[in-house]
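Before any comments, here is the structure.
First listed ligand is number 1; within each ligand, the first listed atom is number 1. Quick caveat, the model's predicted, so the values are computed rather than measured. These values consider heavy atoms only, across backbone and side chains, with no hydrogens, waters or symmetry-generated copies.
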Amino acid sequence: MTEPAKVSMEKLVSLCQRRGFIFPSSEIYGGLSSCWDYGPLGVELKQNIKQAWWRAVVQERDDMVGLDASILMHPQVWIASGHLNQFTDPLVECKSCHLRWRADELKDNSCPSCGGELTEPHLFNLMFKTFMGPIEEEANVVYLRPETAQGMFVNFQNIVNTTRKRLPFGIAQIGKAFRNEITTGNFIFRSREFEQMEIEFFVKPGTDEEWFNYWLEERLNWYVNLGIKKENLQLRQHTKGELAHYALKCYDIDYLFPMGWAELEGVANRGDFDLVQHASSSGKSLAYLDEETKQHIVPYIIEPSAGVDRSVLAFLCDAYDEEPDKEEIRVLLRLHPTLAPIKVAILPLSRKEPLVQLANQVYADLRPCWMVQYDDTQSIGRRYRRQDEIGTPFCVTVDFQSLEDNQATIRERDTMNQIRVPISELKNTLQAKLEGEDLFVLPPGGQIWKEG
Ligand code: GAP
């Protein structure tokens, strides 16, 4: 049995608001349901997640390229892709209180809010509609994209022509997507505006199964390598009835969120559905010339599609920890250093000169290397707690002895162990520790200062 998540959603939401990770959108007006704003720490965490993904799937690979397509696309795209007809959820309405629900998520046939009788389900399209230009008429209707994927399909030929990539190769894209979900909730898990990190990997038909398995494993490992506990991840295959209209096969990578197991990422085999549809709808060939056989083929597509916001939520849930510390509870985020919003905090023991001058000098030296925070408010104990709670892996303390021996202490978030090193060695030492070196591997002139 897997343990339930250590943190309740209420605790996590409270930490996120208190510390400036995530706020409700337009909060001073009472908030806008299902939309969220990332605060100073949230935006760093989100950027770090996107950067880690981009590095892993684009920059460190020869068979992938990136793209940033526009959110608004030609309306024909959504006819060809099947979204205008089939991107729907079954909606029911309560005949008493008029609240609306997703029929496939209800336990029985009564309103979850008042127990009232429900209408027969009808299909509700999730696409957000708007108008292009100053005239609001049917001819000018455009849609906010419900997935970033289509931008990659319609650019397939552009990419082949300009990059000379040969099969198998993929395109990666990060960007906003919009869905007019019938029900939202569980904080940033299901919202109406969210961000995706998607890969469309084009392969020769017949090799699709092999590539599907390859990407499933790659994507699982990506989460684990960035600190998600293996036992909090599971694979779940979609049943025939669940498959999206374009998918031949799909597995969800589920995470054990506080509300239970739920989809973090989907890996789908989309077959040749999208390229065939766009070729026939646009009249442009999207076939690929196989140089070995001299035959034109339509590639199959393997699609690992991850949610940025759900990744933020999963990394936060997984990192959250509480442990007894003297009479208190120490709350900490054991975030992987690559993802931590702040890598190093500089904490002068006092606000007096000349200590402040030395601490500022350390701050100025380290700032060009990483996201570093200077904090001189309240007691050192409270400052450590604050940094623990926002997931800062290392704190550097400059004390009165530093003025004499030119050394500073480095405190590790997870163990609270401390070492003392020459200030001239701080940059290299911290770099090595951020890359995973054991704290007690000491630089020249360094010493173990405190255990636990
Ligand atoms: N192109 C395929 C596609 O969009 P999906 O399973 O509908 O597939 C992919 O979405 C991922 O996008 C999901 O695994 C999830 O992480 C994220 N996602 C989808 N709908 C979302 C929503 N309403 N709010 C937040 N994230 C969402």
Write out each pair where an N or O from ligand 1 and one from the protein are under 3.5 Å apart, with the distance.
unit_1, atom_1, unit_2, atom_2, d
ligand 1, 1 (N), Glu147, OE1, 2.6
ligand 1, 1 (N), Glu198, OE2, 2.5
ligand 1, 1 (N), Glu303, OE1, 3.4
ligand 1, 1 (N), Glu303, OE2, 2.9
ligand 1, 4 (O), Arg179, NH2, 2.8
ligand 1, 4 (O), Gln196, NE2, 3.0
ligand 1, 6 (O), Glu263, OE2, 3.0
ligand 1, 7 (O), Arg179, NH1, 2.8
ligand 1, 7 (O), Arg179, NH2, 3.0
ligand 1, 10 (O), Gln196, NE2, 3.4
ligand 1, 12 (O), Gln196, NE2, 3.3
ligand 1, 14 (O), Glu263, OE2, 2.6
ligand 1, 14 (O), Leu264, O, 3.4
ligand 1, 16 (O), Leu264, O, 2.9
ligand 1, 16 (O), Gly307, N, 3.0
ligand 1, 20 (N), Arg179, NH1, 3.4
ligand 1, 23 (N), Glu181, OE2, 2.8
ligand 1, 23 (N), Ser191, O, 2.8
ligand 1, 24 (N), Phe189, O, 3.4
ligand 1, 24 (N), Ser191, N, 3.1

Charged N to carboxylate O below 4.0 Å: is that the case for Arg19 and Glu389?
yes
Would you call Glu218 and Arg61 a salt bridge, using N to O less than 4.0 angstrom?
yes
Sequence neighbours excluded, which residues qualify as side-chain contact (heavy atoms from CB on, under 4.5 Å) partners of Ala432?
Glu437
Applying side chain to side chain donor-acceptor pair (under 3.5 Å) as the test, list every pair that has at least one member in residues 36-56; sequence neighbours left out.
Tyr38-Asp309, Lys46-Glu195, Lys50-Glu195
For the atom pair SG (Cys395) and CZ (Arg413), what is the distance rounded to the nearest 0.5 Å?
10.0 Å
Of all residues at least two apart in sequence or in a different chain, which pass the salt bridge (Lys or Arg N to Asp or Glu O under 4.0 Å) check with Lys427?
none
